[in-house]
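Read the structure below first, then the notes.
Labels below follow one simple rule: chain letters A, B, ... track the order of the sequence lines, proteins then strands, and each chain is numbered from 1. Heavy atoms only: backbone and side chains are in, while hydrogens, waters and symmetry mates are out.
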2 protein chains.
Amino acid sequence: MPAARGGDAGRSGPTLEQVAARAGVGRGTASRVINGSPRVSERTRAAVQAAVAELGYVPNRAARALAAGSMDAVALVVPEQENRLFAEPYFSEILRGVSTQLAETDMQLLLTLLHDERSRERFTQYAAAHRVDGVLMVSVHGDDPLPDLLREVGMPAVISGRRSHAEHVPYVDSDNFLGAQLAVEHLIGRGRRQVATITGPLDMYGARCRLDGYHEALRAAGRQGARPGERLVVEGDFTEEGGHRAMCALLEREPGVDAVFCASDVMAAGARLALREAGREVPGDVALVGFDDSAVARHMDPPLTTVRQPIEEMGRAMVRMLLELMSHERDRAGAEQGPYLVLPTELVRRRSS
Amino acid sequence: MPAARGGDAGRSGPTLEQVAARAGVGRGTASRVINGSPRVSERTRAAVQAAVAELGYVPNRAARALAAGSMDAVALVVPEQENRLFAEPYFSEILRGVSTQLAETDMQLLLTLLHDERSRERFTQYAAAHRVDGVLMVSVHGDDPLPDLLREVGMPAVISGRRSHAEHVPYVDSDNFLGAQLAVEHLIGRGRRQVATITGPLDMYGARCRLDGYHEALRAAGRQGARPGERLVVEGDFTEEGGHRAMCALLEREPGVDAVFCASDVMAAGARLALREAGREVPGDVALVGFDDSAVARHMDPPLTTVRQPIEEMGRAMVRMLLELMSHERDRAGAEQGPYLVLPTELVRRRSS
DNA sequence: CGCATTGATGGGAGCGCTCCCATAGTTTTG
DNA sequence: CAAAACTATGGGAGCGCTCCCATCAATGCG
């Protein structure tokens, strides 16, 4: 046994060379088999595969990356100010989808939380130096420069959720507009007359879409004359406290309100609390609908009717889209528009409406 | 400009060689500066650092890994059957802690979800081949062979939560025993006479500790004579339905129960539902305390008194411990016991008790 | 004052792999 | 039947870095 010198850290299993020797072929041929090249005879392929199995060979990623110039890894980037993201199933489900889909290739998933400016800068450099092959970004704010930066350095990237109507970075989004519309139609269908909404921060495109869906549903029901935009719309911030505040404001401004569509479950929880404090029954006096179908929705009393997004599927779709981008990267260097995907949302009826 | 051939994917920034040339030094010296070796003169160091800044040099990880035999990456492994893990803050907070602490080194965080046998096997091989430098495992079951496997192949690993009293793999845990004891003391202090508990699955060590804490609190209060173990202890399974079932059983068996310590918030939610169905007020008729301080606890009605664990800190501690293990790996190859860390828990009083 | 010691430096070797070119063996074609 | 065209294969070059050894200069010591 060789004396353990400093740098030998890896008794890292057999090398390609050893596999090749064992199979009685050359290194190049062994490599071809490992990488599924068709230009290998059946016999040889079998021999190499046997050797791989016997030796328990696992390719050395670093060596492969170095030689091939690709890293076989994609980064999932999460802006960490998004604390709330974490508490909700959103992130976890995206993660599950991403991970599942990625498992079918053998790419690595690198998780990067952007805590502060420093980590941000570091990641930017890292990406610019092409130390990953692609980037997935979750919950990007409208003014985040990162997606465009990545674009400039030719790093394939997919974001979850558009940042604006004119989003030019490839994205996967859910149909916020239609989801909101469904929710409000549902409330109208239940005979509610004064349907209000607590929106998300209106500088976020998704929040805006939900508001548009709300308006559209009212318009379609012939209620646009009521000018709901004025009295019945309150801007929230996706937090529980925000929902509470918004609901209080709403009750004061329009005591006759009998239904509220909240742009997130968490805000609905806040609103529900405000209603309780005001002595209003749910759904008796006021019907409530949320958005997200997060855990909160199921645990509220009464359980919250809400709009579900196919989040896990969004994660999977993001990966598929990214892989697609990565494989074509060369010949679309100058393309000005990426692929887009919008997945459907669905109303989940519970007792709050 | 060289014609873009197939494999050149990386126009990956400047190399060490170029930095060295720019700074007018040799490659070795440049490397020394980058890696903070002390054996470099101040002048030279400054020159190299200037060159790095000007060129925007970012070391090529693959090359570094290949040459140094270490991968500069640790894997965070999550057994995916743990669906519930994801819905709770637990995982997210661990993740934040891990990520924060890791950001101070420049290791990469590799996230691995173990969906099925195939991914499990793949990861095992991967680790055995030392394709990561260390492994963090979250929520390991008592019968999971992975930790011991890693140990055998000399892969440093830290798990969150002991698997048994005699855990021999390095771990970071929270003080389940004391947390439970606090909770039950609190209930006793509030004048409750018939304090029951709904436990977790008793094949999980953490659940067992919480039960022990419960017993200890009763014993300390001089109530061991009541043989609480028989009538007032029901085994749950950490799910909401389980909590509901357990509470129903409890009510039937011991209608006079006036306090319940649930070994998880989610079970407390189930129990709360059962109590509502049975027409019991919380905390009027029955006081309720949970464990975890998850989002559910805050959203219950009334908000749930519960036991908080310093989860983010646990994540950070896991990383510190792992780095420590990694740095000593060589000289402790034969050590039979790893370091352990148990962090304190804390009672969060809310209206349910 | 000459030789040993220390500190800073340059650069060779090689990590394990992929790419690609040269080679040899085999088949098709004129 | 020879030349051309494939096919399967071996192995060199080199990816960008770290490790380490040889080198050279500047000290220290007897």
(Q) Would you compute the distance between atom OG1 of Thr124(A) and atom CG of Leu150(A) and round it to the nearest 0.5 angstrom? (A) 7.5 Å

Q) Closest to the Tyr57(B) side chain: dC15(D), dC17(D), dG11(D)? A) dC17(D)

Q: Can you sort out which residues in residues 34-42 of chain B have a heavy atom within less than 4.0 Å of DNA chain C? Ascending by number, please.
A: Arg39(B), Val40(B), Ser41(B)

Q: Inspect the contact between Glu312(A) and Arg316(A) and indicate whether a charged nitrogen and a carboxylate oxygen are less than 4.0 angstrom apart.
A: yes

Q. Taking the side chain as C-beta and beyond, is there a heavy-atom pair between Met137(B) and Pro147(B) under 4.5 Å?
A. yes

Q | Whole-Å distance separating the CZ atom of Arg45(B) from the P atom of dA8(C) | A | 9 Å

Q: Take atom CZ of Arg27(B) and atom P of dG16(D), then tell me their distance rounded to the nearest Å.
A: 12 Å

Q: Report the distance from atom CD of Glu17(A) to atom P of dT18(C), rounded to the nearest whole Å.
A: 12 Å

Q | Along DNA chain D (nearest heavy atom to each residue), the more 5'-positioned of Arg61(B) and Gly28(A) | A | Gly28(A)

Q.
Can you tell me how far apart OH (Tyr171(A)) and CZ (Arg163(A)) are? Round to the nearest 0.5 Å.
A. 11.5 Å

Q) Below 4.0 angstrom, N of the basic side chain to O of the carboxylate: do Glu313(A) and Arg320(A) qualify? A) yes

(Q) At less than 4.0 Å, is any side-chain N or O atom of Thr29(B) found next to OP1 or OP2 of dG10(C)? Yes or no. (A) yes

Side-chain donor-acceptor distances from residues 26-35 of chain A under 3.5 Å, at least two apart:
{"from": "Arg27(A)", "atom 1": "NE", "to": "Glu17(A)", "atom 2": "OE1", "distance (Å)": "3.2"}
{"from": "Ser31(A)", "atom 1": "OG", "to": "Asn35(A)", "atom 2": "ND2", "distance (Å)": "3.4"}
{"from": "Asn35(A)", "atom 1": "ND2", "to": "Ser31(A)", "atom 2": "O", "distance (Å)": "2.9"}

Q: Check every atom of dG16(D), dT18(C), dT18(D) against the side chain of Leu66(A) and return the nucleotide holding the closest atom.
A: dG16(D)

Q.
On DNA chain C, compare the nucleotides closest to Arg32(A) and Gly24(B); which residue's is nearer the 5' end?
A. Gly24(B)

Q: Write down the distance between CG (Leu16(B)) and C1' (dT18(D)), rounded to a whole number of angstrom.
A: 9 Å

Q. NA contact type, Arg64(B), heavy-atom cut-off 4.0 Å: base, sugar-phosphate, or nothing?
A. sugar-phosphate

Q: Could you state the atom-to-atom distance from CG of Asp72(B) to C1' of dC15(C) in whole Å?
A: 15 Å

Q.
Using the side-chain hydrogen bond (donor to acceptor under 3.5 Å, both in side chains) criterion, which residues pair with Ser41(A)? Sequence neighbours excluded.
A. Thr44(A)

Q: Quickly work out the Asn60(A) CG to dG16(C) P distance and round it to whole Å.
A: 7 Å

